[in-house]
Amino acid sequence: MQDNNNNPGDPGADPVADADQTHKEVIENSWYRCERYGLAHGAPPDFGDVRRGDVSALVDQHHDLMHTTENEVLPYYENILSNSSCLIVLADNQGHVLNTWGSPRFQGLGEHGLVPGHQWHERGVGTNAIGTALAAGHAVQVSRDEHFLRANRYMVGSASPIYDIRKEMIGVLDISSDAYLPQDHTLGMVKLMSLSVENQLIHAAFQQDHHIITFSTDISGLDSHWAGLLVLDDQGIVISANRRAWALLAQDIALMDIEQIFGFKFHELRQQPPNAPLTLWVFGRYRMWVRVQPPLAPSLKVADFRVKGQASGQGAPEPKPEPAAGNSELPEDVVPFDELEHGDRKVRQVLSQARKIIEKDIPILIHGETGAGKEIMVRSLHFHSSRREQTLVAVNCASIPTELVESELFGYEKGAFTGASSKGSVGLIRRAHGGTLFLDEIGEMPLHVQARLLRVLQERVVVPLGSSEVFPVDIRLVSASNRNLKAAADEGSFRQDLYYRISGLNIEVPALRHREDKAALIKYMYDRLQVDEGRVLMSPEVEDLLVRHPWPGNMRQLANVLKIAHAMADDGIMKREHLPADFYDDLNRVMESSPAEGAGESELPEPAVSRETAGALENRIQELYRQVGGNVSRTARLAGVSRNTVYKYVRSDSPDEGLPRA
């Protein structure tokens, strides 16, 4: 039965079937389509009219997909075939089976229909993993009784679509079994396998002539198939990306300049050591680990000796400043504890409390906005504690796929579930034994996993999935969240007993805009940047703008803005035109929400101004004051300061002119 009804324009397909639907809704919509097709539960499956020539033509048509799946992906998942009774099925975008790999016992059923050439479309076979995944456009799991046709209710299927380099669906990968297996893990594994195929197709298509950017929320993720991939042309424009990249960036990145994403010029990315990880800020708000893979066959570049000549005429480059003495034993990405605050009383108190508690068996719960510096504080606490020689394991609970959270945290025995490694897995909690476990965004942890975590914290032992063996663990627990976990516990979206277990010491990291030491902190961060990037002077005007900025993205946004402005300052001085455009968007919103002229300007927050900028600010206010004819309110609004500040400087400038006009 040759049929193209799996295309997006299929009138029988559900136009609202997407990943936001619940599993129940996906199955219900599929059964509704089957009824519209005229199927009955007792009808036999119709796999279409299979001819030998048709199968050969299908294999030839999808040669690249089949070769990539069989030779580049499945060898990494041999444990699936050896440790479970299941069948791995590759189908095209019309549901035609292209090839299968798997258990002889399952294949011995003879009538299962999962053979090359058979078409698993909902119209002929009813609700099934392959056909329903094609109709829904995302991964689907169909259990025994969820099959529309009774003839298929002896098995369970988990299927995930495969998309090509143009984001077009080209096939489906399926794992089907007649055995009772932990299906959450099977679904998670087939998702991972489909991503593996997509990533291999991208590398095969582009790695010869293009730069490929790999990025992830943690450094270990760079080597996993959950990492995002971006393909760049020779101008640094994104011309292709995998599904994980779209999900992680949560924006339309097609034809976007790489500098818009990471705040890093393309020519600077190309100069990075090949495949060496570095940290960058995504849209100025989220830190990502990034790796740059250059083309395997880079285009020939003609040497330009003028660059050397220009450099020789400028004298030797200024040496980079050395890091602060006394902290040389710390890793480069760890901020010394006494440099976490620069005059903020609240932060000083928080640090004092945390430092006393970190050596005791008391958990710490850190609250604060995204990007406020929670992870920076935890890293510093760990490396200044008696556990510094042991491992700090940082886990972003929001970044691990729901189906794999348990196995990632608690570990598993070999063969514990479909796709389990033949060697098993220790798990992140046991990896932190003797050290510190940092659970970031713990509020996003699924409720059933919260129950297991509570048991670990109460009993101080871990039982891996599929095992009865108990492993003692000794950890210092630090958790963090940008949500109000107490309110979440009261609402029932977070376990109340777990909340009281992890909240031994509750501390709040204030947002950057609320810190009393904002000016000094900005200067400190800029000095640390210059240790790595080279020295560029900051103009007083830029320093003043940085201090007055609201920083909705907190420390992450500040770091990104500083890096961009530093890179743009070709003449060695950072000026206002070197600051990115979105920096001024945030600043203008604050100015627009300021009190109207003449109404309460004295209540505006007074910016912290360093001694170096005081002179420049005084000159600027006096110049504006003269330009507006002595109107204090207009001067204050144009300078972005309070009326009291204007009075302070104009009175000192014109003591004999009497009081200025309001």
Side-chain angles (χ1 to χ4, degrees), residues 263 279-281 284-285 287 318-352 354-355 366 368-369 371-384 507-567 569 572-574 578-579 583 606-614 616-617:
T279 56
L280 297 176
W281 297 93
R285 286 169 169 80
R287 192 184 75 166
E318 184 178 351
K320 295 182 179 179
E322 294 294 326
N327 295 306
S328 57
E329 70 278 4
L330 293 175
E332 291 184 1
D333 60 346
V334 175
V335 177
F337 197 80
D338 56 359
E339 297 176 16
L340 288 172
E341 65 89 18
H342 299 269
D344 186 282
R345 289 166 293 182
K346 185 174 182 179
V347 176
R348 187 182 304 125
Q349 180 182 7
V350 163
L351 294 176
S352 175
R355 194 165 194 175
I366 306 176
E369 293 182 5
K374 300 187 289 292
E375 184 175 352
I376 295 173
M377 179 183 293
V378 173
R379 290 187 62 80
S380 187
L381 280 170
H382 172 79
F383 283 99
H384 285 84
I507 58 178
E508 178 89 21
V509 177
L512 177 57
R513 62 185 174 278
H514 295 147
R515 290 187 60 153
E516 298 172 348
D517 59 350
K518 183 163 68 168
L521 185 58
I522 290 172
K523 186 177 186 304
Y524 170 77
M525 288 190 64
Y526 188 61
D527 289 342
R528 279 184 69 95
L529 171 67
Q530 296 201 97
V531 171
D532 299 324
E533 305 292 341
R535 183 163 294 281
V536 171
L537 297 177
M538 182 186 294
S539 69
E541 184 181 24
V542 168
E543 186 174 348
D544 179 52
L545 289 171
L546 293 174
V547 170
R548 291 195 287 117
H549 198 275
W551 298 115
N554 290 297
M555 307 286 280
R556 293 178 181 174
Q557 184 185 10
L558 171 62
N560 193 56
V561 167
L562 289 176
K563 288 181 180 180
I564 293 173
H566 187 282
I573 300 178
M574 186 187 297
H578 297 143
L579 297 169
F583 172 90
E606 188 69 34
V609 181
S610 66
R611 292 181 179 178
E612 291 79 9
T613 61
L617 181 61

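Model, not experiment: these values are computed from the prediction. Positions are given from 1 along the sequence.
Looking only at side-chain heavy atoms (C-beta outward), P552 and E369 stay at 4.5 Å or farther from each other. H342 has its side chain out of reach of K523: every pair of non-hydrogen atoms, C-beta onward, lies at least 4.5 Å apart. Proximity of D338 to H384: side-chain heavy atoms (C-beta onward) are nowhere separated by under 4.5 Å. With contacts defined as side-chain heavy-atom distances shorter than 4.5 Å, the pair E543/I522 does not qualify.
Of all the heavy atoms in S380 and V334, the pair that sits closest is CA-CG1, 3.9 Å. The nearest pair of heavy atoms linking M555 to M525 is CE-SD, 3.6 Å. V347 approaches D344 most closely through the heavy-atom pair N-OD1, 2.9 Å. Across all non-hydrogen atoms, the minimal contact from N560 to G284 is ND2-CA, 3.3 Å. Minimum heavy-atom separation, E508 to V350: O-CG2, 3.5 Å.
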For this session: I would like to know whether I507 and M377 meet side chain to side chain contact (heavy atoms under 4.5 Å, CB included); could you show each step before the answer?
Result: CA-CA 11 Å; I507 58 178; M377 179 183 293; 4.0 Å; yes
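More than 12 non-hydrogen atoms from other residues, nucleotides or ligands lie less than 6.0 angstrom from CZ of R285.
Partners of R348 according to the salt bridge (Lys or Arg N to Asp or Glu O under 4.0 Å) rule, which considers only residues two or more places apart in sequence or in another chain, are E341. For F583, the ring-ring contact (aromatic ring centres under 6.0 Å, His included) test picks out H549, W551, with sequence neighbours left out. H382 meets the ring-ring contact (aromatic ring centres under 6.0 Å, His included) test with no other residue; sequence neighbours excluded.
In this structure, the side chain of E516 engages the main chain of R345 through a donor-acceptor pair within 3.5 Å. At distances below 3.5 Å, at least one donor-acceptor pair connects side-chain atoms of K374 with backbone N or O atoms of G368. With hydrogens and angles disregarded, no donor-acceptor distance shorter than 3.5 Å links the side chain of N554 to the backbone of G371.
Partner of Y526 under the side-chain contact (heavy atoms from CB on, under 4.5 Å) criterion, out of V536, V542, L546: V536 alone.
Between D517 and R515, at least one side-chain nitrogen of the basic residue sits less than 4.0 Å from a carboxylate oxygen of the acidic one, meeting the salt-bridge criterion.
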